[in-house]
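Inspection log for the structure reproduced underneath, given as structure tokens.
Sequence lines set the chain letters: A, B, ... in the order given, protein chains first and strands last, and positions in each chain run from 1.
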Amino acid sequence: MSIGYACLALGVKDSSMKTCMKKNASESRLKELIENNLDSLENLIDYNIKSGIKLFRISSDLIPFGSSPVNGLQWWKIYAERFSLIGNKIRENNIRVSMHPGQYTVLNSQDEEVVERAVEDLIYHCRVLEGLGTGNESKIILHIGGVYNDKKKSANRFSENCRRLPDNVRQRLVIENDDRSYNISDVLEIGKRLGIPVVFDNLHNSINPSSAEKTEEFWINECRATWSEKDGNQKIHYSQQAIDKRAGAHSESIDVKCFLDFYSVLGKKDIDIMLEVKDKNLSAVKCMNCVNGSGKMKSLEIEWSKYKYSVLEKSLAAYNEIRELLKEKRGYPAVSFYSILENALGYAENAGNAVNAAMHVFGYFKRDASEKEKERVLNRIDKYKKGEDGLQPLKKELQRLSLKYEKEYLLESYYFLLK
DNA sequence: CACCGTCAAGTCGCA
DNA sequence: TGCGACTTGACGGTG
């Protein structure tokens with residue numbers, strides 16, 4: 001049972017995927033980007049190892065224009081060794097990686113050229129995973145595609161086009177229910193027919209259900225039957241609806257109590273859970289800490305060191321409450337800890353609290369800073385207080401000085417990341 | 001250097 | 001028929 005996150009991590013240095021516009025995609029530019037992105041991938045994997053995260057989705061942006069004629073490089077050969085070295089880390093640490101082509105990869109399109117590009121794109125994704133040397137439990141997740149006014153016909157076209165895929169691609173392919181067209185029973189039918197494993201996505205299922213009566217548990221069990229030994233553990237996608245946003249929009253963070261309700265239904269089954277959430281690795285670590293009922297106090301203390309100024313920024317009361325909770329050192333209060341935290345981070349911005357937190361942070365380099373720098377910070381605070389400026393310019397300034405004076409403790413924290 | 005329009009892809013709903 | 005939404009951060013040009 002692993003919990004993971006998709007594509008990018010907050011607060012991990014040099015881990016972003018870079019790309020360019022088509023018109024700038026020269027060979028040399030592409031090489032630069034690929035080299036940067038492979039370095040980023042390695043940094044993400046190192047972070048996952050350090051954090052005990054065993055499930056990770058690799059961004060499709062790894063190789064810019066990876067399946068397009070725009071990129072004429074034989075990148076999988078040129079960077080074979082680089083791939084292999086990163087792959088070693090992945091395998092040695094039992095990390096399960098996957099990929100998920102975007103909404104524009106449509107294998108069942110009515111347009112033959114679109115289908116050809118989809119096939120190429122799936123080959124691209126497969127090349128990445130093969131380059132890393134991961135086994136067939138390392139999956140490529142795909143949606144069925146369009147309906148074109150005839151779901152049955154379009155589902156059949158998906159099946160036919162699936163058969164056109166090279167064998168190595170097909171062995172990695174898994175399919176997922178989507179939020180508008182193909183619900184979970186549609187996808188299960190296709191999956192069973194083709195012998196392709198099915199990923200259950202809870203949020204898509206709640207927006208686009210196949211039946212009002214059947215429970216999530218029922219569908220997860222149905223999907224379970226589509227996963228065989230060679231496919232590895234069953235995988236599911238879990239996300240929560242962002243309040244006040246379009247149906248299907250992912251929440252900022254995972255509400256830990258809701259997650260645990262969902263999780264308890266899964267029982268002791270070996271299911272890997274991919275979280276789809278804006279705060280990415282932060283929620284993955286949170287859920288991992290909460291699922292482990294007898295975890296280490298130390299891990300909560302590390303978490304607290306990263307979150308504390310973000311909490312203080314919203315609420316002094318919550319800040320003190322968590323301090324007391326951790327001071328007691330009784331049991332393992334992960335759920336209480338994160339519940340207070342989530343609640344506090346959800347508060348509206350409050351200038352008094354925000355300035356208080358900023359002053360705490362400022363305290364770390366107040367003595368080192370020049371008069372001019374101090375003045376800049378105080379000016380920012382003043383402007384913010386007067387409502388002439390937002391909070392971000394002030395925090396940007398504090399971040400700049402944290403970097404300059406190498407305040408690792410601050411730079412490791414989420415204070416500069418969370419809005 | 002901050003800001004913001006643009007990019008890249010395919011489908012679908014709506015004028 | 002054609003346009004905007006969907007999704008997404010980052011690119012890259014402008015002031």
Side-chain angles (χ1 to χ4, degrees), chain A residues 5-12 14-26 29-30 32-34 36-37 40-41 44 57-71 99-125 141-151 153-155 157-158 161 176-183 186 201 203-204 207-208 237 239 241-242 245-252 276-281 376 380 383 388-397 399-400 403 417 419:
Chain A
Y5 66 98
C7 301
L8 57 116
L10 303 186
V12 178
D14 300 323
S15 70
S16 71
M17 295 294 152
K18 290 189 188 296
T19 184
C20 66
M21 287 201 283
K22 221 173 181 176
K23 61 180 179 187
N24 299 326
S26 65
R29 181 86 179 109
L30 286 169
E32 273 173 35
L33 294 167
I34 293 168
N36 171 83
N37 293 354
S40 291
L41 176 61
L44 287 165
R57 180 189 301 164
I58 296 171
S59 171
S60 296
D61 295 336
L62 184 69
I63 308 294
F65 306 99
S67 66
S68 160
V70 166
N71 185 340
M99 297 189 81
H100 192 359
Q103 60 196 307
Y104 304 111
T105 303
V106 184
L107 191 58
N108 79 337
S109 176
Q110 292 177 305
D111 181 338
E112 178 57 23
E113 287 183 11
V114 173
V115 177
E116 278 164 23
R117 283 196 287 272
V119 172
E120 283 306 310
D121 201 44
L122 291 167
I123 292 171
Y124 152 62
H125 284 86
I141 292 98
L142 190 65
H143 292 290
I144 304 301
V147 171
Y148 317 94
N149 300 314
D150 189 338
K151 201 188 259 190
K153 239 183 175 171
S154 301
R157 206 166 40 247
F158 181 88
N161 292 343
E176 181 197 347
N177 57 315
D178 67 71
D179 58 355
R180 50 163 31 174
S181 304
Y182 293 88
N183 63 38
D186 297 331
D201 183 303
L203 186 59
H204 291 163
I207 296 162
N208 179 27
H237 288 176
S239 57
Q241 174 66 47
K245 288 212 181 146
R246 167 197 68 82
H250 294 147
S251 62
E252 185 57 40
E276 293 180 320
V277 59
K278 297 266 225 185
D279 73 358
K280 304 285 180 184
N281 52 318
R376 271 174 81 97
R380 290 288 191 194
K383 276 196 160 181
E388 290 169 11
D389 224 338
L391 183 53
Q392 285 315 308
L394 167 58
K395 289 177 77 167
K396 274 268 169 271
E397 185 62 27
Q399 184 174 26
R400 206 179 59 82
L403 272 166
L417 290 177
K419 292 273 159 64

For the P atoms, the ones on B:dG5 and on C:dG4, what distance do you get once it is rounded to whole angstrom? 14 Å
Minimum heavy-atom distance between A:Lys278 and A:His250, given as atom pair plus value: CG-O, 3.9 Å
If we take the P atom in both B:dT6 and C:dC3, what is their distance in whole Å? 15 Å
Is the backbone of A:Ala118 close enough, under 3.5 Å, to the side chain of A:Thr105 for a donor and an acceptor to pair up by distance? no
A:Glu120 and A:Arg117 ion-paired at < 4.0 Å: no
In whole angstrom, give the distance that lies between atom CG of A:Leu394 and atom C1' of B:dA2. 17 Å
Sugar-phosphate means primed atoms, P, OP1 and OP2; the rest is base. With that split, encode nucleotides 8-15 of chain C 5' to 3' as B, S or - using protein heavy atoms under 4.0 Å. --SSS---
With distance as the sole test, does A:Arg29 use its side chain to make a donor-acceptor pair with the main-chain N or O of A:Asn24 at under 3.5 Å? no
Is there a side-chain contact between A:His125 and A:Asp121 in this structure, where contact means two heavy atoms from C-beta onward sitting under 4.5 Å apart? yes
Could you state the interatomic distance from CE (A:Met17) to CG (A:Asp61), rounded to the nearest 0.5 Å? 8.0 Å
From CD of A:Glu112 across to P of B:dG10 the rounded distance in Å is 13 Å
For A:Asn208, is there any backbone N or O sitting under 3.5 Å from a side-chain donor or acceptor partner on A:Asn183? no
At a cut-off of 3.5 Å, list every protein nitrogen or oxygen paired with a nitrogen or oxygen from nucleotides 11-15 of chain B, distance to 0.1 Å.
from, atom 1, to, atom 2, distance (Å)
B:dT11, OP1, A:Ser109, OG, 2.9
B:dT11, OP1, A:Tyr148, OH, 2.3
B:dC12, OP1, A:Val147, N, 2.5

Round to a whole Å and report the spacing from CZ of A:Arg157 to P of B:dG10. 15 Å
Rounded interatomic separation in angstrom, taking CZ from A:Arg376 and C1' from B:dC1: 11 Å
Flag this pair as yes if the NZ/CZ of A:Lys151 is under 6.0 angstrom from the six-membered ring centre of A:Tyr182 and inside a 45 degree cone about the axis; otherwise no. yes
Could you give me the stems involving DNA chain B, meaning stretches of three or more consecutive Watson-Crick or G-U wobble pairs whose two defining distances are both below 3.5 Å? B:1-8 with C:8-15, B:10-15 with C:1-6
Identify the two heavy atoms, one from A:Lys280 and one from A:Ala6, that lie closest to each other, and give their separation to 0.1 Å. NZ-O, 3.0 Å
Checking the side chain of A:Asn71 only, and the main-chain atoms of A:Ser68 only, is there a donor and an acceptor separated by less than 3.5 Å? no
Mark yes or no for whether A:Ser15, through its side chain, and A:Val12, through its backbone, hold a donor-acceptor pair below 3.5 Å. yes
Given atom NZ of A:Lys245 and atom P of C:dC6, what is their separation to the nearest angstrom? 11 Å
